[in-house]
Amino acid sequence: MSGKRRKFSADFKARVTLAAIRERETLKELSVRFEVSPIVISRWKKEFLKNASHAFGVEKPVKKEVETEKLYARIGRIKVENDFLKKSLKRTGL
């Protein structure tokens, strides 16, 4: 063993994990095909299944805060415009 750890991309891990979930091949066959230990494949599969629910409906509070800030800014601009128009109408006597 060389002692160096290999780093795998998320895409590669996803392909291996989906192949393991399909169960068309054994872990041993998958490990030979992808040149990854069966233990690593099992770990990736377990982690994937544990976090699968995050693929659907994960809300990011940061995004919600940004949207709220944009809306408040828009409300502020509209209020300024309304006040300006009200003053303009009073000046013209309408």
Side-chain angles (χ1 to χ4, degrees):
M1 194 172 229
S2 66
K4 290 187 176 184
R5 294 184 131 202
R6 295 188 300 170
K7 297 205 178 204
F8 300 101
S9 69
D11 182 52
F12 178 78
K13 289 179 182 182
R15 282 189 289 129
V16 173
T17 302
L18 290 174
I21 289 171
R22 287 186 194 113
E23 295 183 349
R24 293 182 183 156
E25 299 174 79
T26 65
L27 287 178
K28 179 68 175 166
E29 292 169 336
L30 290 172
S31 69
V32 170
R33 184 170 126 200
F34 291 107
E35 298 177 355
V36 179
S37 166
I39 295 169
V40 172
I41 296 172
S42 295
R43 190 178 318 133
W44 290 347
K45 181 179 174 182
K46 182 189 262 185
E47 184 178 344
F48 178 85
L49 293 174
K50 183 176 103 179
N51 296 315
S53 64
H54 293 290
F56 304 103
V58 174
E59 291 185 29
K60 295 183 180 182
V62 174
K63 185 177 181 183
K64 197 172 188 179
E65 289 174 9
V66 170
E67 289 175 6
T68 304
E69 288 176 17
K70 285 181 181 178
L71 291 173
Y72 280 127
R74 187 168 181 184
I75 289 170
R77 283 193 305 270
I78 291 171
K79 180 156 177 41
V80 168
E81 290 172 2
N82 268 349
D83 291 344
F84 174 78
L85 291 173
K86 284 179 186 177
K87 287 179 184 177
S88 296
L89 284 173
K90 283 182 184 178
R91 286 184 195 152
T92 59
L94 295 175

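Note that this is a predicted model, so its numbers are computed, not measured.
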Nearest 0.5 Å, please: how far is CZ in R22 from CG in L30? 10.0 Å

Verdict with supporting geometry, K45 and K50, side chain to side chain contact (heavy atoms under 4.5 Å, CB included): CA-CA 9 Å; K45 181 179 174 182; K50 183 176 103 179; over 6 Å; no

Correct closest heavy-atom pair for V16 and I41 would be CG1-CG1, 3.7 Å

Pairs satisfying ring pair (Phe, Tyr, Trp, His ring centres under 6.0 Å), at least one member in residues 3-23, at least two apart: F8-F12, F8-W44, F12-F34

L27 vs I39, test: side chain to side chain contact (heavy atoms under 4.5 Å, CB included). Steps then yes/no. CA-CA 8 Å; L27 287 178; I39 295 169; over 6 Å; no

Interatomic distance, L71 atom CG to I78 atom CD1 [nearest 0.5 angstrom]: 9.5 Å

Write out all pairs satisfying side-chain hydrogen bond (donor to acceptor under 3.5 Å, both in side chains) with one or both partners inside residues 31-43, taking only residues at least two apart or from two chains. E25-R33

Which pairs would a plain distance check flag for residues 83-94, meaning a side-chain donor or acceptor within less than 3.5 Å of a matching protein atom at least two apart in sequence or in another chain?
from, atom 1, to, atom 2, distance (Å)
S88, OG, F84, O, 3.0
T92, OG1, S88, O, 3.3
T92, OG1, L89, O, 3.0

Between atom CZ of R24 and atom CD of E29, what is the distance when rounded to the nearest 0.5 Å? 13.0 Å

